[in-house]
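Written out below as structure tokens is the structure these notes cover.
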Number of protein chains: 2
Amino acid sequence: MTHAHDETAPVDWAERASERLALAGYRRGGARHNLIRLLAAQRCALSAAELQEALAHEQRSVSRASVYRILEELERAELVARIEVGQGIVRFEPIRHGAGHHHHLVCDHCGRLIPFSDEGLERELERVSERVPLVVAEHDVILRGECAACSEHA
Amino acid sequence: MTHAHDETAPVDWAERASERLALAGYRRGGARHNLIRLLAAQRCALSAAELQEALAHEQRSVSRASVYRILEELERAELVARIEVGQGIVRFEPIRHGAGHHHHLVCDHCGRLIPFSDEGLERELERVSERVPLVVAEHDVILRGECAACSEHA
DNA sequence: CAATTGATGAGACAAGGTCTTATATTTGTG
DNA sequence: CACAAATATAAGACCTTGTCTCATCAATTG
Ligand SMILES: [Zn+2]
Ligand SMILES: [Zn+2]
Ligand SMILES: [Zn+2]
Ligand SMILES: [Zn+2]
């Protein structure tokens, strides 16, 4: 079934992230703690700059170096996905269990990012991944076009 | 059928591109002409920097501003696709008719970019595009993993 | 608490991409 | 074939994003 996501985000991601990083031998520092908390509250992706600004605004400021370093740790631990939506913009979002796996619609006009998921598509991607000269670790799908709002007042 | 691309690239793309730009009211300048010629000779994607260097080396140098401006024109005319493969690298490639349509495998380790195509996947993407709250103009699929060369000497 | 080791912040740095502006080309017209 | 008008281009300043280094700070350990 194809559907846009309307459910609220699960909240246990923060715990899972902290645990897994602890197991990987990381200490718990303030910057990391706050960034994880912020990410856990997101349902879809934010850019590094947006994350840093949100931190400074809502909790306490964290240096750019820390933001990128922690995102990289999280990415390596497969807790965060890096999403490139075009125009050189890179966004990051928490990876949730099977249920939360999704792909993205991007409006070429206003830049809006809309998550969606589809089981048939996933099956097809798995099938293709088997037939390809690469050991596939992950996949990205982006559908680009014009969103409802933009088509209207065009 | 899933397969890596082995055929040689079609060559009529340059004509099509020139025509369409002319129709859109653009004059024919040297920089544009050369960039189109270079792109037409490619089977897969190159970065802006690679394009500029190839131009300087093989034909005549073209300024960075021109490379980006022309790529943007071509992109708007749906003659060129922008492909973001990760690590902030953006590449550009000519869009060809049905036959040349393809997606990409990216090696997370060495960065190699391998084109592939699959009819079943295309059908599935079309199906999904109908069911989504966006008028879909194009789609991208990227499979990431480790290429044969990198898995070997790991 | 002291020592050790990892975490963080600040800013220098690099690369990729955008914007401005002066100059060069193209195109239409007399 | 000039010439004027309009577009295309080159060069480089500039901005944004992301990386790297290093000095400082905080968590852990005994
Ligand atoms: Zn998302
Ligand atoms: Zn929109
Ligand atoms: Zn390609
Ligand atoms: Zn490789």
Side-chain angles (χ1 to χ4, degrees), chain A residues 17-38 45-57 59-77 79-92 111, chain B residues 17-39 45-57 59-77 80-92 108 111 113:
Chain A
S18 300
E19 273 174 37
R20 205 180 300 181
L21 286 186
L23 279 176
Y26 292 107
R27 295 179 177 178
R28 58 205 165 92
R32 179 177 298 137
H33 175 74
N34 282 285
L35 179 49
I36 287 179
R37 219 170 62 169
L38 175 61
L46 293 181
S47 72
E50 286 167 344
L51 288 168
Q52 191 183 4
E53 196 178 353
L55 281 170
H57 197 324
Q59 336 221 332
R60 94 203 227 301
S61 61
V62 168
S63 74
R64 193 162 29 150
S66 296
V67 170
Y68 281 106
R69 180 172 31 72
I70 295 165
L71 283 172
E72 199 192 316
E73 292 166 7
L74 289 167
E75 203 186 343
R76 269 205 302 263
L79 287 160
V80 153
R82 151 191 300 252
I83 296 168
E84 321 220 355
V85 297
Q87 283 75 48
I89 301 168
V90 180
R91 291 180 211 263
F92 301 84
Chain B
S18 299
E19 273 175 36
R20 205 180 299 181
L21 285 187
L23 278 177
Y26 291 107
R27 293 180 176 177
R28 56 205 166 94
R32 181 178 296 136
H33 174 74
N34 282 284
L35 179 49
I36 286 178
R37 220 171 61 171
L38 175 62
L39 280 169
L46 293 180
S47 70
E50 286 166 344
L51 288 168
Q52 190 182 5
E53 196 179 353
L55 281 170
H57 197 325
Q59 337 222 333
R60 95 203 226 302
S61 60
V62 168
S63 74
R64 188 158 37 146
S66 295
V67 170
Y68 281 107
R69 180 174 32 74
I70 296 165
L71 283 173
E72 198 191 318
E73 292 167 6
L74 289 167
E75 203 187 342
R76 269 204 302 263
V80 153
R82 152 193 298 255
I83 296 168
E84 319 220 0
V85 297
Q87 283 74 49
I89 301 167
V90 180
R91 292 179 210 264
F92 301 85
D108 279 333
L113 185 66

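In what follows, every chain begins at residue 1, and chains take the letters A, B, ... in the order their sequences are listed.
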- Starting at CG of A/L35 and ending at C1' of C/dG9, how long is that distance when rounded to a whole Å? 15 Å

- Task: Can you establish whether the number of heavy atoms outside B/E53 located under 6.0 Å from its atom CD is more than 12?
- Result: no

- Item | Nearest-Å distance for atom pair CD1/P, residues B/I70 and C/dG17 | 16 Å

- Just wondering, do A/V62 and A/L51 contact through their side chains at under 4.5 Å, heavy atoms? no

- Message: Please determine whether side chain to side chain contact (heavy atoms under 4.5 Å, CB included) holds for the pair A/R91 and A/R82, giving the CA-CA distance in whole Å, both sets of side-chain angles, and the decisive distance to 0.1 Å.
- Response: CA-CA 6 Å; A/R91 291 180 211 263; A/R82 151 191 300 252; over 6 Å; no

- Would you sort out whether B/R64 and B/Q52 count as a side-chain hydrogen bond (donor to acceptor under 3.5 Å, both in side chains), showing the intermediate values? CA-CA 7 Å; B/R64 188 158 37 146; B/Q52 190 182 5; 5.0 Å; no

- Whole-Å gap separating C1' (D/dT16) and CZ (A/R91): 15 Å

- Note on the structure: Here the distance between atom P of C/dC19 and atom CG of B/L71, to the nearest Å, is 15 Å

- Query: Looking at B/S63, does any N or O in its side chain come under 4.0 Å of the phosphate oxygens OP1/OP2 on D/dT9?
  - Reply: no

- Item | 5'-most by nearest nucleotide on DNA chain C - A/V67 or B/Y26 | A/V67

- Look at B/R32 and D/dA8 and indicate whether a side-chain polar atom (N or O) is within less than 4.0 Å of OP1 or OP2. yes

Report, one pair per line, the protein and nucleotides 24-26 of chain C atoms (nitrogen or oxygen only) whose separation is under 3.5 Å.
from	atom 1	to	atom 2	distance (Å)
C/dT26	O2	B/R27	NH1	2.6

- Message: From NE2 of A/H33 over to P of D/dA26, roughly how many Å is that when rounded to an integer?
- Response: 16 Å

- CZ of A/R60 versus C1' of D/dC25: gap in Å, rounded? 11 Å

- Item | Short N-O contact, B/R32 and B/E73, less than 4.0 angstrom | yes

- Query: A/A65 side chain: which of D/dT21, D/dG12, C/dG17 is closest?
  - Reply: D/dT21

- Item | Distance (rounded to the nearest 0.5 Å) between A/E50 CD and A/L55 CG | 12.0 Å

- Task: Assign B/S61 to base, sugar-phosphate, or nothing according to its heavy-atom contacts below 4.0 angstrom with the strands shown.
- Result: sugar-phosphate

- Message: Determine whether a donor-acceptor pair (N or O, by modelled atom type, separation under 3.5 Å) exists between the side chain of B/E84 and the backbone of B/I89.
- Response: no

- Query: A/Y68 side chain N/O closer than 4.0 Å to the phosphate oxygens (OP1, OP2) of D/dT19?
  - Reply: no

- Query: B/R64 side chain N/O closer than 4.0 Å to the phosphate oxygens (OP1, OP2) of D/dA11?
  - Reply: no

- Which whole-number value in Å describes the distance from A/Q52 CD to C/dG11 P? 12 Å

- Query: Whole-Å distance between D/dA8 C1' and B/E73 CD?
  - Reply: 9 Å

